[in-house]
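What follows is a set of notes on a single structure, which appears directly below.
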Amino acid sequence: MPRWPSGEGCSVADARSAGPSFLCGPFEHAMPKPIREVLTNEALTGATVTVAGWVRTFRNDRFIALNDGSTIHNLQLVLDPEGTPRELVDRITTSAAVKATGELVPSPASGQRVELQVKELIVLGDSDGETYPIQPKKHSLEFLREQAHLRFRTNTFGAVFRIRHQVSFGIHEYFHDNGFFYFHSPIITASDAEGAGEMFRVTTLEDTKGTDPSEDFFERVTNLTVSGQLEAELGATALGRVYTFGPTFRAENSNTARHLAEFWMIEPEIAFADLKDDMDLAEGLCKHLIRRVLEQSADDLAFLDKRYADEEKQKPEAQRSSMGLIERLRFVADNPFERITYTEAIRILQDSKPYKKKKFQFPVEWGRDLQSEHERYLVEKHFNKPVIVTGYPAAIKAFYMRMNGPGDLGHSDQGPTVAAMDVLFPGIGEIIGGSQREERLEQLKERMAAMDIPEKELWWYLDTRKFGTVPHAGFGLGLERFVQFVTGMGNIRDVIPFPRTPGSAEF
RNA sequence: UCCUCAGUAGCUCAGCUGGUUAGAGCAUCUGACUGUUAAUCAGAGGGUCGCUGGUUCAAGUCCAGCCUGAGGAGCCA
């Protein structure tokens, strides 16, 4: 069994003092060093090092570009031309898994600081060049989507999923550091009253048609969750600050580059907080995550930045982004988000050129929801930065959002509004949707009645308003949409390992 | 679900107003070379032109239906 270099014996200093024969065990069992460490730790130069990974390219029967996923960069392995048997050389093919031990030496050629002079090498897993689908060349994202099980072996997807990790980890970090508790809302839920979209039915029945739900496993109708928010509110009204972070399921027949049937959502919920606190939290989280990725994933971002620039070059000039990927991340991290009310947004849109030239496909008038084209104009043309829109008309928002009164943020004399807030990002659209929740029992019941939501189904939710209710607020952040923004990937299916979309659940 | 576009070698594509045996680059394989950077050079193999039906002397090319994918829209995160 491999030994992890956590205890005695495997430190860099030990490796150096032990000389070239040092290994954490016999060669076959030696724990390989991550290539990320091999390439960056200058103290390793001159040491004997074991690495393992997958062959990216093999040049001249002598040079292996080896990648182990720990970094986007490859380690060059150099074989001894005389001392390597032909049978072994023939097995070093694209994506073969190999393990090698040798001396890490400064590289005489340009292209890499160090390289590994191989003393010992084994092929752990062969890879047949004739049938391995991913070649050392540029592939289309569409093709790689069909090879989703192998696409992680490409630079692009390696970078994307390392960054996805950094974002996920950063979410826990940010909330933990700010006194939040990670709250696990259920995946299987019984309430279908949330109105967040079509749901996937969960059942053990062979056929649900004509069968009484009481005969089912849970003795009632159950579905996969579309949101952990209502449960998070229960947590927040006791623990103070909580967040959920888990998979979410929507059975909508959505076929777009920004919708998935299974996606990951982050839903913080804070007690004793109003809409402004909510906005501050949302903006703070976004900025923290961007800064973290800029710091922790500089190499991957540099690669994606170049990729993004190449993609932009393909577009007609009018559609090109005004900023590069990294440039825009820095800009968003360093500048305050624009905060406007829905009523102001309508006014800006009605004063806009596209409105006056009748370029908008959908009407702009108070009471109607903002369409994608309107959000795009606000974010990408008018403000050219993230925008938080508050105070939407009550009629187009969910029942749990707090009804605004005179003096409340976003209140309008044009009609009733609620304390909602949507964070709109360039290129992505709505990345966060949140609100201050209706904490007043009577108002909440009124809204539920108006929207035909039976109180019976949400008795537990209403209880929080009966017993020690407090102002509270929260939001939902779509993880994949955020990762899209950070990586510059145009299609949401390319930022989740195994995308689920209508008609597609391979892998 | 709606609108638009696309489907030709493993991949990316060319194939004109229908007309001999369907092409290129890359990849793969074989050989050469051996300090290379997606190495280079030479050669070889590789096709149900998405599927079904129709029009025609003749269909990769025209028509219809279906399937799959992409872009946009709606729903939303």
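Throughout, protein chains are lettered first and strands after them, A, B, ... in sequence-line order, and every chain is numbered starting at 1.
- Between Lys397(A) and Gly129(A), the residue anchored nearer the 5' end of RNA chain B, judged by the nucleotide with its closest heavy atom, is Gly129(A).
- Note on Arg258(A): every side-chain N or O is 4.0 Å or more away from OP1 and OP2 of rG71(B).
- Side-chain atoms of His288(A) never come within 3.5 Å of backbone atoms of Glu283(A) as a donor-acceptor pair (strictly under, hydrogens ignored).
- When both distances must be under 3.5 Å, the Watson-Crick or G-U wobble mate of rA32(B) is rU40(B).
- Pairing for rA6(B) is with rU68(B), a Watson-Crick or G-U wobble pair whose two hydrogen-bonding atom distances lie under 3.5 Å.
- Comparing the C1' positions of rG18(B) and rC57(B) gives a spacing of 12 Å, expressed to the nearest Å.
- Residue Asn491(A) is in sugar-phosphate contact alone, with no base atom involved, counting any heavy-atom pair closer than 4.0 Å across all strands shown.
- Heavy atoms of Arg145(A) sit under 4.0 angstrom from primed sugar atoms or phosphate atoms, though from no base atom.
- Taking a pair to require two hydrogen-bonding distances under 3.5 Å in either a Watson-Crick or a G-U wobble arrangement, rG45(B) remains unpaired.
- Looking at Glu142(A), its side chain has no donor and acceptor atom pair within 3.5 Å of the base of rG7(B).
- Comparing rG7(B) with rG50(B), their C1' atoms sit 6 Å apart, to the nearest whole Å.
- Among the heavy atoms of the strands, none lies under 4.0 Å from Ile266(A).
- A distance of about 15 Å separates the C1' atoms of rG43(B) and rC33(B), rounded to the whole Å.
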Identify each atom pair where a protein N or O and an N or O of nucleotides 38-48 of chain B are less than 3.5 Å apart, giving names and distance.
| unit_1 | atom_1 | unit_2 | atom_2 | d |
| --- | --- | --- | --- | --- |
| rA38(B) | N1 | Lys138(A) | N | 3.2 |
| rA38(B) | N3 | Pro136(A) | O | 2.5 |
| rA39(B) | OP2 | Thr57(A) | OG1 | 3.2 |
| rA39(B) | OP2 | Arg59(A) | NH1 | 2.5 |
| rA39(B) | N6 | Asn60(A) | OD1 | 3.1 |

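- In this entry rC76(B) has no Watson-Crick or G-U wobble partner, no candidate having both defining distances under 3.5 Å.
- Taking atom C1' in both rC26(B) and rU40(B), one finds a spacing of 15 Å when rounded to whole Å.
- For Glu115(A), taking side-chain heavy atoms from C-beta onward, the closest of the listed nucleotides rG74(B), rU12(B), rU36(B) is rU36(B).
- Nucleotides rC62(B) and rU20(B), compared at atom P, are 16 Å apart to the nearest Å.
- Counting non-hydrogen atoms under 4.0 angstrom, Gln371(A) reaches the backbone sugars and phosphates but no base.
- The residues Arg368(A) and Glu365(A) are annotated as salt-bridged, a charged nitrogen and a carboxylate oxygen being separated by less than 4.0 angstrom.
- Looking at heavy-atom distances under 4.0 Å, Phe263(A) makes contact with a base.
- The existence of a salt bridge linking Asp299(A) and Arg162(A) is excluded, since no basic side-chain nitrogen approaches an acidic carboxylate oxygen closer than 4.0 Å.
- At a cut-off of 3.5 angstrom, the base of rU36(B) holds at least one donor-acceptor pair with the side chain of Gln76(A).
- Here the side chain of Arg241(A) pairs a donor or acceptor atom with the backbone of Asn178(A) at under 3.5 angstrom.
- Looking at the side chain of Phe63(A), the nearest of the listed nucleotides rG74(B), rA77(B), rU36(B) is rU36(B).
- Between Glu480(A) and Arg164(A), at least one side-chain nitrogen of the basic residue sits less than 4.0 Å from a carboxylate oxygen of the acidic one, meeting the salt-bridge criterion.
- Going from the P atom of rC76(B) to that of rU55(B) covers 49 Å, rounded to whole Å.
- Note on Arg307(A) versus Asp300(A): no salt bridge recorded, every NZ/NE/NH1/NH2 to OD/OE distance being 4.0 Å or above.
- Between Phe425(A) and Phe383(A), the ring center distance fails the sub-6.0 Å criterion.
- On the P atoms, rC29(B) is 39 Å away from rC67(B), given to the nearest whole Å.
- Nucleotides rA6(B) and rC66(B) place their C1' atoms 16 Å apart, quoted to the nearest Å.
- Using N1 to N3 plus N6-O4 or O6-N4 for Watson-Crick, or N1-O2 and O6-N3 for G-U wobble, each under 3.5 Å, rG53(B) pairs with rC63(B).
- When both pairing distances are held under 3.5 Å, rC11(B) makes a Watson-Crick or G-U pair with rG25(B).
- Nucleic acid contact for Ser107(A): base, since at least one base atom lies under 4.0 Å from a heavy atom of the residue.
- Side-chain contact between Phe180(A) and Tyr174(A) is absent, with no heavy-atom pair separated by less than 4.5 Å.
- In this structure, Gln117(A) reaches the bases: a heavy-atom distance under 4.0 Å links it to at least one base atom across the strands shown.
- When the side-chain nitrogen and oxygen atoms of Ser140(A) are compared with OP1 and OP2 of rC11(B), none of them lie within a distance under 4.0 Å.
- In this structure, Pro108(A) reaches the bases: a heavy-atom distance under 4.0 Å links it to at least one base atom across the strands shown.
- Residue Arg62(A) places no side-chain atom within donor-acceptor reach of the base of rC33(B), judged by atom type and a 3.5 Å distance cut-off alone.
- For the pair Thr93(A) (side chain) and Ser127(A) (backbone), a donor-acceptor distance under 3.5 Å is present.
- Ion pairing of Asp494(A) with Arg151(A) is present here, as a side-chain N (NZ or NE/NH1/NH2) and a carboxylate O approach within less than 4.0 Å.
- The 5' end of RNA chain B is approached more closely, in terms of each residue's nearest nucleotide, by Thr94(A) than by the other of Gly433(A) and Thr94(A).
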Could you go over nucleotides 49-52 of chain B and give all protein N or O partners under 3.5 Å, atom names and distances?
none

